[in-house]
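Remarks on the structure that follows.
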Amino acid sequence: SQQGEEDPQALSIQEGENATMNCSYKTSINNLQWYRQNSGRGLVHLILIRSNEREKHSGRLRVTLDTSKKSSSLLITASRAADTASYFCATDAGSNYQLIWGAGTKLIIKP
Amino acid sequence: EAQVTQNPRYLITVTGKKLTVTCSQNMNHEYMSWYRQDPGLGLRQIYYSMNVEVTDKGDVPEGYKVSRKEKRNFPLILESPSPNQTSLYFCASSQVFRETQYFGPGTRLLVL
């Protein structure tokens with residue numbers, strides 16, 4: 001089945017810097033979600049943005065959605081060591097009632 | 001505390017020995033899913049359920065069975081496990097279809 005694609009696959013930055021990761025998808029959506037996964041653990045929901053929204057904030061997180069380009073970005077400002085994790089996007093563009101998941105961006109925050 | 005629980009968390013078994021991974025949620029969610037996560041392949045859906053007694057196949061259902069006899073429970077059954085089912089398994093639930101998913105902590109399975 002089709003998959004969303006995140007880029008970069010991996011990102012390493014210094015603590016305090018901003019981290020930006022992107023997600024692209026292929027067909028129209030109703031919503032796009034971002035999740036965080038700490039090593040080997042369950043995914044945690046971060047933000048859901050609907051197709052009629054362009055930007056959404058939650059604490060240090062900012063998500064944008066550009067439906068014309070079929071892409072979304074997740075910005076984490078003032079990064080902390082605890083932000084080290086993998087970040088996944090998921091869209092409801094799938095058939096058979098599925099969410100379509102990207103392969104994830106692995107973010108490493110260096111102290 | 002609202003949560004999804006899975007048991008066991010870790011399991012080592014041998015080829016062909018039937019096993020069940022349990023999943024339970026205490027949020028009265030309608031929708032539940034099972035995923036497997038493999039390096040480089042991301043999350044792939046195995047089965048999902050839209051309500052009690054309503055289940056359907058996801059992307060990779062071969063070798064798995066599920067049942068949904070009660071709203072809160074959604075066990076994953078491997079009737080004859082094989083080494084290619086070695087993986088990290090997640091159960092998830094949601095109140096609204098294809099919206100915020102609540103994930104369990106994962107079950108790491110090794111089939112020898």
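Heavy atoms only: backbone and side chains are in, while hydrogens, waters and symmetry mates are out. Values in this document were obtained by computation on a predicted structure and should not be read as measured data. Below, read A as the first sequence line, B as the second, and so on, with proteins coming before strands; counting in each chain starts at 1.
Contact annotation for A:Gln37: only side-chain heavy atoms (C-beta onward) come within less than 4.5 Å of a heavy atom of chain B. In this structure, chain A has a heavy atom under 4.5 Å from the side chain of B:Gln37, while its backbone stays farther away. Both the backbone and the side chain of A:Leu43 come within contact range of chain B, with heavy atoms under 4.5 Å apart. Contact of B:Tyr35 with chain A is made through the side chain alone, with heavy-atom distances under 4.5 Å.
Taking 4.5 Å as the heavy-atom cut-off, the residues of residues 81-95 of chain B that approach chain A are B:Leu88, B:Phe90, ordered by number. Scanning residues 105-112 of chain B against chain A with a 4.5 Å heavy-atom cutoff picks out B:Pro105, B:Arg108, ordered by number.
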Can you check side chain to side chain contact (heavy atoms under 4.5 Å, CB included) on B:Thr55 and B:Phe74, steps first, answer last? CA-CA 10 Å; B:Thr55 64; B:Phe74 191 42; 3.9 Å; yes
Under the side chain to side chain contact (heavy atoms under 4.5 Å, CB included) criterion, do A:Ile100 and A:Lys26 qualify, and how do the steps go? CA-CA 10 Å; A:Ile100 300 300; A:Lys26 295 177 182 172; over 6 Å; no
Evaluate the salt bridge (Lys or Arg N to Asp or Glu O under 4.0 Å) criterion for residues A:Glu6 and A:Lys106: first the C-alpha distance (whole Å), next the side-chain angles of each, then the deciding distance (0.1 Å), finally the verdict. CA-CA 10 Å; A:Glu6 286 106 338; A:Lys106 188 168 185 177; over 6 Å; no
Verdict with supporting geometry, A:Glu55 and A:Arg62, side chain to side chain contact (heavy atoms under 4.5 Å, CB included): CA-CA 7 Å; A:Glu55 189 170 309; A:Arg62 173 178 166 247; 3.2 Å; yes
A:Thr67 vs A:Ser28, side chain to side chain contact (heavy atoms under 4.5 Å, CB included): CA-CA, chis, key distance, verdict: CA-CA 8 Å; A:Thr67 53; A:Ser28 61; over 6 Å; no
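A search for side-chain contact (heavy atoms from CB on, under 4.5 Å) contacts involving A:Ala81 returns A:Glu15, not counting sequence neighbours.
Under the 3.5 Å distance criterion, with hydrogens and angles disregarded, no donor-acceptor pair is assigned to the side chains of A:Asn22 and A:Ser73. Using modelled atom types and a 3.5 Å distance limit, the side chains of B:Gln45 and B:Asp59 yield no donor-acceptor pair.
B:Ser33 places none of its side-chain heavy atoms less than 4.5 Å from the side chain of B:Tyr31.
The main-chain N or O of B:Gln3 is found under 3.5 Å from a side-chain atom of B:Asn26 such that the two form a donor-acceptor pair.
Annotation: ring-ring contact (aromatic ring centres under 6.0 Å, His included) contacts involving residues 27-72 of chain A, sequence neighbours excluded, comprise A:Tyr35-A:His45, A:Tyr35-A:Trp101, A:Tyr35-B:Phe103.
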